[in-house]
Visitor: 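Here's a structure for you.
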Number of protein chains: 2
Amino acid sequence: MPSPSSQAKEPTALDRIRKAGLRPTRQRLALAKLLFANGSRHVTPESLFNEARSKRVNLSLATVYNALHDFTECGLLREISIEAGRSYFDTNTTEHHHFYFERTGKLQDVSLDSVRITSLPDAPPGEKVKRVDVVIRLAK
Amino acid sequence: MPSPSSQAKEPTALDRIRKAGLRPTRQRLALAKLLFANGSRHVTPESLFNEARSKRVNLSLATVYNALHDFTECGLLREISIEAGRSYFDTNTTEHHHFYFERTGKLQDVSLDSVRITSLPDAPPGEKVKRVDVVIRLAK
DNA sequence: TCTCGATTTAGAATAATTCTAAAATCCGTT
DNA sequence: AACGGATTTTAGAATTATTCTAAATCGAGA
Ligand SMILES: [Mn+2]
Ligand SMILES: [Mn+2]
Ligand SMILES: [Zn+2]
Ligand SMILES: [Zn+2]
């Protein structure tokens, strides 16, 4: 008999890291737990580093950068650029868009189907469309 | 009688700067000439600085930053963020979108009407949509 | 020409990120 | 459980983009 809940279980941090083909080190596990604990998140290296510290997870900022890049390369995260000089990493790797709150610097997911794009130009010769990013910038 | 050409004349660099309410200094005039000489351009502070130097326009990098920001605040330019750690300034201030060539870091305008957005989510309470940016990322 | 606020400038400062190379860790094999 | 080699982490230095500081220069009206 399957487990009591009928919901598909969220993969554990260990599952995710293993499936990505990365070595499950103490630091990566801790960061994956923070990142994937609940729902979609948008972190900066600095914000994740501070969160880890405040939870007494001991690691260096360089490791946070390394892990975020490694996770991104393995498809566990995706990187978003909104403001020059600050990078965001998104735990939601499905196709979707964003609200950007200019006042606070926060991002919020916008589902794919709430933004209907009914025409797009052809890619220039020799190029392929890799991704279409829609950012809805918000201010007062 | 009007001038020989039936085209509306492009405003001169001096016109633009005056109309923006900025003092037409030697440096601003030189940069405006480079920026608005022909067609739509997408520059980085560094690229514009190098271009100026190569044309023997003597100014400092700080002045390029100052001018780009001043021009942007006056509506002569608009700023675009595509990649963390690099900012672009666009001489096309009309509403439009962009191709981004990941290999070269170059931007190309995409006209407003070649991207038809037929639905957008409502702005969250207390917020207004300031701008909708569509970036079509290209790779091989 | 005089005056004074605006602008420019060199260089220092700051911020985000990457690099370096040594130490620690992971993990398959003994 | 110990070994050994590859991988990962780390502190700190280095790099890059940008902003700041404060002194010199410039622009434009009186
Ligand atoms: Mn990287
Ligand atoms: Mn500014
Ligand atoms: Zn997202
Ligand atoms: Zn443009």
Side-chain angles (χ1 to χ4, degrees), chain A residues 13-35 42-53 56-74 76-89 105 107, chain B residues 13-35 42-53 56-74 76-89 105 107:
Chain A
L14 183 58
D15 290 340
R16 291 184 202 258
I17 289 172
R18 281 247 160 81
K19 199 170 305 175
L22 294 171
R23 284 228 289 216
T25 62
R26 178 173 61 74
Q27 292 85 345
R28 285 176 177 158
L29 283 168
L31 292 173
K33 274 174 196 146
L34 294 178
L35 286 168
H42 305 91
V43 304
T44 62
E46 194 69 23
S47 77
L48 183 60
F49 177 64
N50 289 332
E51 184 180 342
R53 297 217 124 182
R56 302 296 143 76
V57 175
N58 251 25
L59 39 57
S60 69
L61 181 57
T63 297
V64 174
Y65 275 98
N66 289 340
L68 288 174
H69 285 136
D70 294 342
F71 288 179
T72 301
E73 267 158 38
C74 294
L76 256 31
L77 293 176
R78 97 176 176 163
E79 196 171 356
I80 305 177
S81 293
I82 297 279
E83 292 267 300
R86 193 193 230 157
S87 59
Y88 291 84
F89 292 85
L107 285 170
Chain B
L14 182 59
D15 289 341
R16 292 184 201 259
I17 289 172
R18 282 247 161 81
K19 201 171 304 178
L22 293 172
R23 281 230 293 220
T25 62
R26 179 173 61 75
Q27 292 85 346
R28 285 177 177 156
L29 282 168
L31 293 174
K33 273 175 196 147
L34 294 178
L35 287 167
H42 304 91
V43 303
T44 62
E46 194 69 24
S47 76
L48 183 60
F49 178 63
N50 290 332
E51 184 180 342
R53 296 216 124 183
R56 303 295 144 76
V57 175
N58 251 27
L59 40 57
S60 70
L61 181 57
T63 297
V64 174
Y65 274 97
N66 289 341
L68 288 174
H69 284 136
D70 295 341
F71 288 178
T72 301
E73 268 157 38
C74 294
L76 256 30
L77 293 176
R78 98 177 174 163
E79 196 171 356
I80 305 177
S81 294
I82 298 278
E83 293 266 298
R86 195 194 231 156
S87 59
Y88 291 84
F89 292 85
L107 284 170

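Everything numeric here is computed off the predicted structure, so don't read it as measured data. Scope of the values below: all heavy atoms of this structure, side chains included, with no hydrogens, waters or symmetry mates. Lettering follows sequence order; numbering is per chain, from 1.
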Visitor: Output all residues satisfying side-chain contact (heavy atoms from CB on, under 4.5 Å) with Arg53(B), sequence neighbours left out; order by chain, then residue number.
Guide: Phe49(B)
Visitor: For a side chain to side chain contact (heavy atoms under 4.5 Å, CB included) check, start with the C-alpha distance between Leu31(A) and Leu59(A), then their side-chain angles and the critical distance, and finish with the verdict.
Guide: CA-CA 10 Å; Leu31(A) 292 173; Leu59(A) 39 57; 3.8 Å; yes
Visitor: dT16(D) C1' sits how many Å from Glu83(B) CD, rounded?
Guide: 14 Å
Visitor: Taking only residues two or more places apart in sequence, or in another chain, which ones meet Arg23(A) in a side-chain contact (heavy atoms from CB on, under 4.5 Å)?
Guide: Thr25(A), Arg28(A)
Visitor: Whole-Å distance between dT8(D) C1' and Leu31(A) CG?
Guide: 13 Å
Visitor: Phe89(A): what forms a ring-ring contact (aromatic ring centres under 6.0 Å, His included) with it, not counting sequence neighbours?
Guide: His69(A)
Visitor: Any heavy-atom pair between the side chains of Leu14(B) and Arg18(B) that's under 4.5 Å?
Guide: yes
Visitor: Rounded to whole angstroms, how far apart are CG on Asn58(B) and C1' on dT8(C)?
Guide: 12 Å
Visitor: Tell me the interatomic distance from Phe71(A), atom CZ, to dT8(D), atom P, rounded to whole angstroms.
Guide: 11 Å
Visitor: Who passes side-chain hydrogen bond (donor to acceptor under 3.5 Å, both in side chains) against Arg78(A), sequence neighbours left out?
Guide: none
Visitor: May I have the distance from Glu73(A) (atom CD) to dT7(D) (atom P), rounded to whole angstrom?
Guide: 15 Å
Visitor: Who are the side-chain contact (heavy atoms from CB on, under 4.5 Å) partners of Ala30(B), not counting sequence neighbours?
Guide: Val57(B)
Visitor: Could you list all N or O pairs between the protein and nucleotides 10-17 of chain C that sit under 3.5 Å apart?
Guide:
from    : atom 1 : to       : atom 2 : distance (Å)
dT17(C) : OP1    : Ser87(A) : N      : 3.1
dT17(C) : OP1    : Ser87(A) : OG     : 2.7
dT17(C) : OP2    : Tyr65(A) : OH     : 2.4
dT17(C) : O5'    : Tyr65(A) : OH     : 3.2

Visitor: Where along residues 21-30 of chain A does a heavy atom come under 4.0 Å from DNA chain D, residue by residue in number order?
Guide: Arg23(A), Thr25(A), Gln27(A), Arg28(A)
Visitor: Tell me the interatomic distance from Leu68(A), atom CG, to dT8(D), atom P, rounded to whole angstroms.
Guide: 15 Å
Visitor: Among residues two or more places apart or on two chains, list those pairs meeting side-chain hydrogen bond (donor to acceptor under 3.5 Å, both in side chains) that have a residue in residues 56-68 of chain B.
Guide: Ser60(B)-Thr63(B)
Visitor: Which part of the nucleic acid does Asp70(A) contact within heavy-atom distance under 4.0 Å: base, sugar-phosphate only, or nothing?
Guide: nothing
Visitor: How long is the line joining CG of Asn66(B) and P of dT9(C), in whole Å?
Guide: 9 Å
Visitor: Who pairs with Glu46(A) by side-chain hydrogen bond (donor to acceptor under 3.5 Å, both in side chains), at least two apart in sequence or on another chain?
Guide: none
Visitor: May I have the distance from Arg18(A) (atom CZ) to dC27(C) (atom C1'), rounded to whole angstrom?
Guide: 10 Å
